[in-house]
Amino acid sequence: MEEIAFTMKLKSGVAAEYQRRHTEIWPELTMALQQAGIRDYSIYLDAASGVLFAVQKRTEGHTAADLPDMDIMKRWWAYMADLMETNPDHSPVVQPLQRVFHLD
């Protein structure tokens, strides 16, 4: 299983709304993520900075790279764009992180 981590950034004052929208995540988006091979996905918030820290575990042979082309993903990004720093296509600005330590 592959594990990746990355950060994203919330706009000021929207943390509660961000969490609410994820609590009510669309079932068809959950299905798309799972079908793409994402088996474990957590997002954490540093409330002081608005930085989101995300970790995904992906199965071997995953198709996560195809998600940005899916209508459901584009709709979700548009829905979330008012809360986050985004690219012109409404995808979140993502900063990949390099693992520097791991303990099993």
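Side chains are part of it too, since the values below use all heavy atoms of this structure and drop only hydrogens, waters and symmetry mates.
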Tell me, yes or no, whether the heavy-atom count around Glu24 atom CD, taken from other residues, nucleotides or ligands under 6.0 Å, exceeds 12. yes

Mind listing the closest non-hydrogen atom pair of Ala64 and Ile38 along with its distance? CB-CD1, 4.5 Å

Salt bridge or not for Asp82 and Arg21, using N-O below 4.0 Å? yes

Taking Lys9 for its side chain and Ser49 for its backbone only, find out whether a donor-acceptor pair lies under 3.5 Å. yes

To the nearest 0.5 Å, how far apart are CD in Gln95 and CD in Glu85? 9.0 Å

Please tell me if the side chains of His22 and Gln19 come closer than 4.5 Å, counting only heavy atoms from C-beta onward. no

Met70: which residues meet the side-chain contact (heavy atoms from CB on, under 4.5 Å) condition with it, sequence neighbours left out? Ala32, Leu67, Ile72, Met73

Any heavy-atom pair between the side chains of Glu60 and Met1 that's under 4.5 Å? no

With sequence neighbours left out, the residues meeting side-chain contact (heavy atoms from CB on, under 4.5 Å) with Asp40 are Ser42, Lys57

Hphob cluster co-occupancy, Val51 + Ile4, side-chain heavy atoms under 4.5 angstrom: no

Connected to Val55, directly or through other members, by ILVMFWY side-chain contacts below 4.5 Å are Tyr44, Phe53, Leu97

Closest non-hydrogen atoms of Ala36 and His62, given as atom of the first, atom of the second and distance, are O-CB, 3.2 Å

Is Asp71 atom CG crowded by more than 12 heavy atoms from other residues, nucleotides or ligands, each under 6.0 Å away? no

Going by the rule side-chain contact (heavy atoms from CB on, under 4.5 Å), which residues pair with Ile25 if we only count those two or more places apart in sequence or in a different chain? Leu29, Thr30, Trp76

Are side-chain heavy atoms of Glu17 and Leu83 found at a separation under 4.5 Å? yes

About how many Å separate CZ of Arg39 and CZ of Arg58, when rounded to the nearest 0.5 Å? 12.5 Å

Starting from Met31, walk the hydrophobic network (Ile, Leu, Val, Met, Phe, Trp, Tyr; side-chain heavy atoms closer than 4.5 Å) and list everyone else you reach, by chain and number. none

The criterion is side-chain contact (heavy atoms from CB on, under 4.5 Å); which residues satisfy it with Ala54, sequence neighbours excluded? Phe6, Met8, Tyr41, Ile43

Main chain of Pro92, side chain of Asn87: is a donor-acceptor contact present, judged purely on distance under 3.5 Å? yes

Is there a side-chain contact between Glu28 and Arg75, using heavy atoms and a 4.5 Å cut-off? yes

Side-chain contact test, heavy atoms from C-beta onward, threshold under 4.5 Å: evaluate it for Tyr18 versus Met84 and give yes or no. yes

Any heavy-atom pair between the side chains of Leu10 and Leu45 that's under 4.5 Å? yes

